[in-house]
Amino acid sequence: MFDLTGKVALVTGGNGGIGLGMAEGLARGGAGIAIWGGNPDKNEAAGAKLRKHGGRVLVQRCDVSREDEVEERMAELLAEFGRLDGCFANAGRSLERTAFHELTAEAWRGVMDVNLDGTFFTLRAASRHMVARAKAGDPGGRLVATSSTSTVHGPAGAVAYGASKGALNVMMRALAVEYARYGITANAIVPGWIETEMTAGKIADERFSGNVLPRIPHRRWGTGDDFAGIAAYLMSEASRYHTGDSFVIDGAYTIF
């Protein structure tokens, strides 16, 4: 049911954290993997880890906030693999906690450039290929965006980040309707507090950890590995009728 042999997936921000966890889940299922990331050392380390699963791996340096780079890397990916079956737009950035009335336009734009525009550029490039393939008689495809539980509880001091992720939830629901005719599904993954480079500073803060960790019923931070299963499911034929959804993966943090 979860055999991904012959399929090709792209994971942006796939060189660490949630992205690498998803990429490993896809690679273990037999998919060919392309990862985009900005750090060359992390890219190569992630590529080496993924190659141990035995499948084809393409590592590309890409700034998803640059439309031209996204288009160029996508063209390279398609030249290498010949197709793209799943696109996981996971690359993102956040800011230090900042009061809304002190938030600068530059800081706001910096978050939107990656989280919102970068996802738009990435999924648009992927969908062009998937739609063209469907019109040629080969329908199907998976579009996935990484959102955040900040869209559930409203993050004071992180308005730009929360707003960017909230927009992604709406984007994926709209794409689910628009692309259903081509057999393409669109879903959002909504992580809670996950141990990554982006959250390392907060998790290391004893005051923060002492307040947040007891509110997570599973009593642990999430890890990238916790996203391997959902990635494999969404990429597989088992999810072919599951679309327009937001998968909250947070150890029940937003419930408790």
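Scanning all heavy atoms of the two residues, the minimum distance from Phe81 to Gly32 falls at CE2-CA, 4.2 Å. Scanning both residues, Val59 and Glu44, for their nearest heavy atoms gives CG1-OE2, 4.2 Å. Closest heavy-atom contact between Asp63 and Val70: O-CG2, 4.4 Å. Of all the heavy atoms in Leu116 and Ala167, the pair that sits closest is CD1-CB, 3.7 Å. Heavy atoms only, all atoms of each residue included: Gly162 and Ser150 are closest at CA-OG, 3.6 Å. Scanning all heavy atoms of the two residues, the minimum distance from Thr122 to Cys87 falls at CG2-SG, 3.5 Å.
The main-chain N or O of Glu96 is found under 3.5 Å from a side-chain atom of Thr98 such that the two form a donor-acceptor pair. Panel note: side chain Lys165, backbone Thr146; a donor-acceptor pair is recorded below 3.5 Å. Between the His129 side chain and the Leu84 main chain, a donor and an acceptor come within less than 3.5 Å of each other. Although no hydrogens or angles enter the test, the distance criterion places no donor-acceptor pair under 3.5 Å between the side chain of Ser239 and the main chain of His242. Remark: the backbone N or O of Arg93 is paired with a side-chain donor or acceptor of Asn115 at under 3.5 angstrom. Put simply, the side chain of Arg56 gets close to the backbone of Glu80: a donor and an acceptor are under 3.5 Å apart. Side chain of Asn90 to main chain of Thr12: a donor-acceptor pair is present (N/O by atom type, distance under 3.5 Å, no hydrogens or angles). Remark: the backbone N or O of Ala186 is paired with a side-chain donor or acceptor of Thr243 at under 3.5 angstrom. The main-chain N or O of Gly183 is never found under 3.5 Å from a side-chain atom of Arg240 such that the two would form a donor-acceptor pair. Judged purely by atom type and a 3.5 angstrom limit, Asn187 has no side-chain atom pairing as donor or acceptor with the backbone of Val144.
Between Leu103 and Leu95, the closest side-chain pair of non-hydrogen atoms falls below 4.5 Å. No side-chain heavy atom of Tyr253 sits less than 4.5 Å from a side-chain heavy atom of Val248. At least one side-chain heavy atom of Pro40 sits less than 4.5 Å from a side-chain heavy atom of Arg61. Taking 4.5 Å as the limit, some side-chain heavy atom of Lys202 sits within range of a side-chain heavy atom of Trp193. Thr199 has its side chain out of reach of Trp221: every pair of non-hydrogen atoms, C-beta onward, lies at least 4.5 Å apart. Counting heavy atoms from C-beta outward, Phe88 and Met235 have side chains that approach closer than 4.5 Å. Side-chain contact between Lys7 and Glu237 is present, with at least one heavy-atom pair separated by less than 4.5 Å. When side chains are defined from C-beta on, Pro155 counts as touching Arg97, because their heavy atoms get closer than 4.5 Å.
One hydrophobic cluster holds both Met130 and Leu77 under the rule that ILVMFWY side chains link at heavy-atom gaps under 4.5 Å. In terms of hydrophobic clustering, with Ile, Leu, Val, Met, Phe, Trp and Tyr side chains grouped at heavy-atom distances under 4.5 Å, Ile249 and Leu20 are assigned to a common cluster. Residues Ile189 and Ile35 are members of one and the same hydrophobic cluster, defined by side-chain heavy-atom contacts under 4.5 angstrom among Ile, Leu, Val, Met, Phe, Trp and Tyr. Leu175 and Tyr182 fall within the same hydrophobic cluster, where Ile, Leu, Val, Met, Phe, Trp and Tyr residues are linked whenever their side-chain heavy atoms come under 4.5 Å apart, directly or through other members. Following chains of ILVMFWY side-chain contacts shorter than 4.5 Å, one cannot reach Val190 starting from Val11, and the two form parts of different hydrophobic clusters.
In this structure, Ser147 OG and Met172 CE are separated by 10.0 Å, a value rounded to the nearest 0.5 Å. Taking CD1 of Ile184 as the reference point, atom CG of Asp85 lies at 10.5 Å (rounded to 0.5 Å). Interatomic distance, CG of Asp225 versus CD of Glu195, reported as 11.0 Å (0.5 Å rounding). Of the inter-residue distances, the one linking Leu143 atom CG with Thr119 atom OG1 reads 11.5 Å to the nearest 0.5 angstrom. Atoms CD and CD, from Gln60 and Glu69 in turn, are 11.0 Å apart once rounded to the nearest 0.5 Å. Separation of atoms OH (Tyr161) and OG1 (Thr151) is listed at 9.5 Å; rounding is to 0.5 Å.
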Side chain to side chain contact (heavy atoms under 4.5 Å, CB included) between Asp226 and Arg220: does it pass, once the steps are laid out?
CA-CA 12 Å; Asp226 292 318; Arg220 70 170 177 86; 3.0 Å; yes

With side chain to side chain contact (heavy atoms under 4.5 Å, CB included) as the test, would you mind laying out the steps for Tyr179 and Val131 before giving the verdict?
CA-CA 8 Å; Tyr179 288 136; Val131 169; 3.6 Å; yes

Test side chain to side chain contact (heavy atoms under 4.5 Å, CB included) applied to Ser94 and Val111, step by step
CA-CA 6 Å; Ser94 64; Val111 172; over 6 Å; no

Does Ile203 form a side chain to side chain contact (heavy atoms under 4.5 Å, CB included) with Val212? I'd like the steps, not just the answer.
CA-CA 9 Å; Ile203 289 175; Val212 174; over 6 Å; no

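Neither side chain, Asp250 nor Thr149, offers a donor N or O lying under 3.5 Å from an acceptor on the other. Residues Thr5 and Asp3 bring a donor and an acceptor atom of their side chains to less than 3.5 Å of each other.
Shown here is Arg219, whose CZ atom has more than 12 heavy atoms of other residues, nucleotides or ligands within 6.0 Å. Crowding of Lys42 atom NZ: a count of heavy atoms from other residues, nucleotides or ligands under 6.0 Å exceeding 12. Applying the 6.0 Å contact sphere to CZ of Arg173 captures no more than 12 heavy atoms from other residues, nucleotides or ligands. Dense packing is recorded around CZ of Phe208, with more than 12 heavy atoms of other residues, nucleotides or ligands lying under 6.0 Å away.
Contact check on Arg124 versus Asp117 returns no salt bridge, with no Lys/Arg side-chain nitrogen under 4.0 Å from an Asp/Glu carboxylate oxygen. Looking at Asp68 and Arg66, a side-chain N of the basic residue comes within less than 4.0 Å of a carboxylate O on the acidic one, giving a salt bridge. The residues Arg73 and Glu76 are annotated as salt-bridged, a charged nitrogen and a carboxylate oxygen being separated by less than 4.0 angstrom.
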